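None of these values were measured; they are calculated from a predicted model. Proteins get letters first, then strands, A, B, ... in listed order; numbering begins at 1 in each.
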Amino acid sequence: MKPGFLSKNPSVLWFLAILACFTLVITLLSHAYGPGVISTSMVKTLGKTLCLCLIAIAMDLVWGYTGILSLGHFAFFGLGGYMIGMWLMYERTRDIVLASAGDFPMTQQEVRDAIGTQIFGVVGGSDLPAIWTFAGSLPMQLLFVVLVPGLLALIFGWLAFRSRVTGVYLSILTQAMTLALSLYLFQNESGLRGNNGLSGLQNIPGLAADQDHSSVWFLWASAFALALGYVLSAAIVSGKFGSVIRGIRDDEARVRFLGYPVEGYKLFVFTLTAVIAAIAGALYYPQAGIINPGEMAPIASIYLAVWVAIGGRGRLYGAVMGAFFVSIVSSWFTGGRVPDLPLGFYTVKWVDWWQVLLGLSFVLVTLLAPKGLSGLVDLLAHIRSPRRGGTPMGPDQGSLQQEEARE
Amino acid sequence: MSTGAGAATLLEVSGISVSFDGFKAINNLSFSIGRAELRAVIGPNGAGKTTFMDIVTGKTRPDEGSVLWGPMSTNLLKRNEAQIARAGIGRKFQKPTVFEDQSVTDNLMMALKAHRAPWRVLFWRAGARDAARVREVAEQVGLAEQLPRKAGELSHGQKQWLEIGMLLAQEPQLLLVDEPAAGMTLAEREQTTALLVALARDHAVVVVEHDMEFVRRLDCKVTVLHEGSVLAEGSLDHVTADKRVIEVYLGR
Amino acid sequence: MHKLFIWLAIAVMLACPVRAQDTSPQSGSVTSAPAPTGLGAILADNAQKIARPSRMTIGPVIDEIAASGPGASRFLQAWADKRVGLRESDDAVFIIKRVGQDYALSDPVTGEDAGTAPRSEIKEVKPNSGVRALIGAALVKFLLSDPDPSKRREALQAIERDGEASHLAPLRASIPDETDPKIKAEKQRLERLLTIRFGKESAERIAAIESFGSDTGLDLRGTLNPLVATRRSAFAGAPEGNVADELKPGRDISDAEAYALLVEAKMAPARISASEVQRALAAHVVNGQVGGLPLSEMSDPKAREQAYAALAKAGEVPQRLTDAEAQKLVEAHSYADIYAEPDPDVTAAAEAGLTRVSRQVSLMQGADLGLDALSLASIYFLAAIGLAITFGVMRVINMAHGEFITMGAYTGYVVQLFVPDKTLSVLVALPLAFAITFGAGVAMERLVIRYLYKRPLETLLASFGISIALQQLFKNIFGTQARPLTSPPWLEGALQFNDIVSISYIRIAIFVLALVFLALYLWVMRRTRLGLEVRAVTQNPSMAASMGINPDRINMLAFGFGSGIAGIAGVAIGLFAKVTSEMGQDYIVQSFMTVVVGGVGSIFGTLAGATLIGGLQKSIEWLNPSNTLAAQTYMILFIIIFIQFRPRGIIALKGRAAGD
């Protein structure tokens, strides 16, 4: 990074600093590297949340900056998860097969057959489908993490943008794509275990470490990916490219008359963000331990839009704030850790009412605060130093606490 | 004003027609303009002026006819808006359309003649020459002071100027200018006239205008459109003497 | 009592199927049996033959009995049921019945009681199955010409269920005397079916097959299918028998399958499988070595083969064919599918007949599919028509539309809690659902949507917020389990056209409802002041406002109207689908597709979209009936591609009015 870029975008430095502090604090409080104030499952939740922040950045790029309300990015997220999940499951099953094989060495075919029986017994099969050909190779599957969702996005985007489908039509079309994909994966014939999905992904083959340690390492990896994604996205949107895509968002036809191939830009952003989403997914699902097609239902992608809208569109830190805030609060509420609220005639159980609260607060944010939570950062920044305009504070824990208090 | 057709012709539109749901917006219209020529296009509402520009810039596809461009007589009908713009046709819209969310500098920088492909733009960084060129254009349209401001904060007239500035920054060979004087003060109008006349020395400029006074000041060949085809062509005095033109403008 | 008798007769016929085949000539001679001389006389003459019947000799006796007139059928029946006895003392024949230690006797001719006799005096007659078959065939004649038509019909049905060769002759014989034209037709049909199966000449069998044409009856298909059944076998030379299909290993069947056929035909030894090899090798590990090779090399299949060969040579394990040897064996033989039916002309005619039948069946299924598609289309249309108003007319994306459908369905459920009469409750629920969802729609428009008219994407998100809130609210109120919404009894059942084509009444009702709503929509939009104003506001809000139309009011009413229709659709859908808090979600994407594919802003576009999507989904399901998930996947893919070619839908508004 050139120094010019960072000095022009102080928010990036702020973000990186806060992220680094956050990761450090979690590490030092974890079971593996500290007193264990934060439980391993909490570390996993936070690590997953960082992945969600990463896909939120992708969503912000494609929606907040380019104006394409994609309801399909969770499909790419899930696909990324499936690609890495195939390797994790294959290798782990291989280890199990070899461990239980006894002394007599197995041929490669026998190993493959045994793995097939192990993995696909649950859906009444025993053969490894062709798409599992490279499941034993980590580099190939890592390549697929990028390649498969990237290609899907490229083909779909090319078809959609070429015919100049825009606005709500495009949203519905992306939603349809997601639905088609999840329905496809729900079938046993898809070769990815139908509605059982892939499981046992939290065990990393060839890694001797326990969950306490590996969860922290995944937290680091997630934080690193988030940092990288943030810097990359900031670099993209800060230059002339960012100017052009914001132009496309505001007045597509005008950009075209300036000579820019609008479809090419949209396709570039759509595919790039699909790849970012896929990488986020590939980091998320090893921490979640299980992936099934239900995760890719269209509703997940709409939630993604909700996070970004609550955080504030058109600002990268807004997307991160939204994803972080909503998913943490959501897991707090749905985890049953919030005390019930007795109203005398009725006791509000938050597990039941959280969705209602989320839905309504989302309506309120859309109506009253189109800039989302990050609009509040503006407000704070404005009071402290009006000259700095839109300089952000970043998603520090403190501001989130204030938000919670406000809700 | 007799550069006319021949080898120096830049744009040759012949026999185009287009209809929307049965309504013939353009009817067998032919039009040509030379390499360095100023032309005013006038006509009453619904004469097809905007549709004509839409066809030339690729926004609307004609049902028949041809649009040929440049010395190689490239067929523009096979190209999309962006390709036509890159070929060297710039357009200023009737309603000022600038990117209000971005600064004047960003607006001009985006318009600046440079590579347009996503990959090239991604790694493009403004150099000293680009900054100087933006500054130069901004001074030309009187927005040098406004460079860091957001375009949305500008007045209506300033937005018009910004759009003209963006047109200049594009460095097109043909400028299609739709009602440049709307919403401008008298002084600004004169400034605009001077700018357009100056540009026409080495560019082709087509000005669509309602205001006869403004057209008179341009002092150029005039094409009168009516019901989608050319009614008359020649000097302003010549066309205003035409009986049919008088009928169209005054006869109602 | 008589009925029981028939069933017993049939039971006998069923008890002895195939073996009776070669006896048909004898039963065929029933008609030309010698003149009767009375049952009593015949019995007396043939008492010994009856007591120890043999299949070879008893035929003429049975024929005589059958032709003897009164009492013959009763006696034959009793004989077949092993209820006939011979009095040892005088060889008199009786129909007997066990009563304690004794037999009750009755006269075989008159059926009258003939006293009792101790067991020792009576010798039970126990005909073997072959004889029973002959008796059964003779009985058929009586049943088929029984004076009671219902008896005749029962006999026909019994033969239809399990016919055999011996039935053919009596059946044929009974046709000319049949008086009831309907039964006569049934008899003739059954005769032809039996001819196909048991006819002696291939010509008559083929004629019978062809006489059916493209008849789609299940009985015909049941008759033809066994004729074309095949068996796959291996042959040393050229295939023998009625060959259906010659098979080439590697092309039609895999080498492994071919080898399995060889093993089955005992032309090759069973192969020792790879896992058996592995087990054998594992059992012979000595000092880390197997067959002279180190254990660690056993992960290589070639090394395993080598090691096994070494062990086999040493005689420690059985010899195993190598792959090459097995392959050689496979190639040295031929393989074919052989028809069980030996006559090639008959099998060819049967194949042709089945082809005709299946073509006809496909046509019928097409018609049935058309009905299915129509009803699915009307469901989609109902679900989408409200959306067409809010999305098409107002350009507002209402993600909560699905929840309005759910709301309508729950309204129906709650009404049924209070109004037990199903017909009345549905009649109450329809307007009530409209009223409630209309109110909900108006409230939503007033509180949220109207602030977002300029921002369609945000409307989408805000209405999604409402959608998830409503969904959870339903869950909190009504629980997660499905709630019943019962249709009135007169809507149960289905309209049956034939074996294949049918449609349930409830789907007809939904179709009618869809038509009603189409008419209502057209009437409101084209004939009322409200419709005029809605169209004006849609086309040019500012112009409409300047002409004294209040766009706010119009938007509110249009949104309410669209939501209200969703509520009614909810009641209709709830009648045949499960009412759950998530049911709206099942329809929302399809509804959007319907509107988008059809073309925004046109009710006929919505109709066309619903028809296309409904038809498409059913056709894909038909092509791949086992998999509705795949059908939906392919349908969505089709729609994505369809949008490529008609981005504005089937019925597109053109020109400037379409806008962006």
Side-chain angles (χ1 to χ4, degrees), chain A residues 63 67 69 71 102-111 156 159-160 162-169 171-173 175-177 179-184 186-187 189-190 194 252-253 297-299 302-303 305-306 309 349 352-367 370, chain C residues 274-275 278-279 281-282 285 290 295-301 304 391 395 397 399 447-448 451-452 455-473 475-476 585 589 592-593 595-596 600 627 629-630 632-637 639-641 643-645 647-648 660:
Chain A
W63 179 35
L69 177 50
L71 300 181
D103 298 333
F104 199 79
M106 299 171 84
T107 64
Q108 283 192 329
Q109 192 55 43
E110 279 169 354
V111 172
F156 176 85
L159 284 172
R162 190 186 68 98
S163 55
R164 297 213 178 156
V165 179
T166 53
V168 289
Y169 283 87
S171 302
I172 291 172
L173 213 56
Q175 191 187 12
M177 176 201 76
L179 187 63
L181 190 65
S182 81
L183 286 178
Y184 176 75
F186 263 120
Q187 302 168 47
E189 291 82 359
S190 68
E252 191 176 316
I299 198 151
I302 306 185
Y303 271 115
V306 170
K349 289 200 183 72
D352 288 341
W353 286 91
W354 155 243
Q355 288 267 29
V356 180
L357 188 71
L358 177 69
L360 293 182
S361 58
F362 182 50
V363 174
L364 288 180
V365 167
T366 318
L367 280 179
Chain C
S275 59
Q278 193 246 332
R279 247 172 283 139
L281 289 176
V285 179
V290 194
L295 181 59
S296 60
E297 274 180 32
M298 284 304 114
S299 62
D300 180 2
R304 282 192 182 185
F391 181 43
R395 298 296 151 102
I397 288 279
M399 293 296 282
L447 292 173
V448 180
Y451 301 106
L452 299 171
R455 301 181 288 178
L457 288 182
E458 289 175 29
T459 320
L460 191 156
L461 292 173
S463 59
F464 171 70
I466 294 171
S467 159
I468 54 175
L470 280 178
Q471 231 181 82
Q472 186 62 46
L473 209 58
K475 233 175 251 170
N476 293 352
Q585 290 301 308
V589 176
F592 276 125
M593 293 294 155
V595 175
V596 170
V600 174
N627 207 329
L629 281 180
Q632 284 186 13
T633 312
Y634 295 135
M635 186 189 70
I636 292 169
L637 285 182
I639 288 168
I640 291 174
I641 292 165
I643 296 283
Q644 294 300 304
F645 297 102
R648 297 207 175 278
D660 272 316

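If you tally non-hydrogen atom pairs under 4.5 Å between each of A:Val111, A:Leu159, A:Val363 and chain C, the highest count goes to A:Leu159. Among the candidates C:Glu297, C:Arg304, C:Lys475, the residue making the largest number of heavy-atom pairs closer than 4.5 Å to chain A is C:Arg304. Among C:Ser463, C:Ser275, C:Ala469, the residue making the largest number of heavy-atom pairs under 4.5 Å with chain A is C:Ala469.
Rounded to the nearest 0.5 angstrom, C:Met635 CE and A:Leu183 CG are separated by 9.0 Å. Note that CG of A:Leu71 is 9.0 Å distant from CZ of C:Phe464, once rounded to the nearest 0.5 Å.
A:Thr366 places none of its side-chain heavy atoms less than 4.5 Å from the side chain of C:Tyr451. Between C:Thr633 and A:Gln187 there is a side-chain heavy-atom pair separated by less than 4.5 Å.
Neither the backbone nor the side chain of A:Arg164 comes within contact range of chain C, judged by heavy atoms closer than 4.5 Å. For chain A, the nearby parts of C:Leu281 are the backbone and the side chain; heavy atoms of each come within less than 4.5 Å. With a 4.5 Å cut-off on non-hydrogen atoms, A:Trp354 does not touch chain C at all. For chain C, the nearby part of A:Glu110 is the side chain; its heavy atoms alone come within less than 4.5 Å. For a residue to count as touching a neighbouring chain, one of its non-hydrogen atoms must lie under 4.5 Å from one of that chain's; by this rule C:Met399 touches chain A with the side chain only. For a residue to count as touching a neighbouring chain, one of its non-hydrogen atoms must lie under 4.5 Å from one of that chain's; by this rule C:Ser296 touches chain A with the backbone only. Using a 4.5 Å cut-off between heavy atoms, C:Leu460 touches chain A through its side chain atoms alone. Within the 4.5 angstrom heavy-atom criterion, only side-chain atoms of A:Tyr169, from C-beta onward, approach chain C. The part of A:Gln175 that comes within reach of chain C is its side chain, from C-beta onward, which places non-hydrogen atoms under 4.5 angstrom from that chain. Using a 4.5 Å cut-off between heavy atoms, C:Leu295 touches chain A through backbone and side chain atoms alike. Using a 4.5 Å cut-off between heavy atoms, C:Gln278 touches chain A through backbone and side chain atoms alike.
In terms of heavy-atom proximity, C:Leu461 sits nearest to A:Ala305 at CD2-CB, 3.7 Å. Considering all non-hydrogen atoms of both residues, A:Ala176 and C:Met593 come closest at CB-CE, 2.9 Å. The two residues A:Leu358 and C:Ile468 have their closest heavy-atom pair at CD2-CD1, 4.2 Å.
Between the side chain of A:Asp352 and the main chain of C:Asn476, no donor-acceptor pair closer than 3.5 Å is present.
Heavy atoms of other residues, nucleotides or ligands lying less than 6.0 angstrom from OH of C:Tyr634 number 12 at most.
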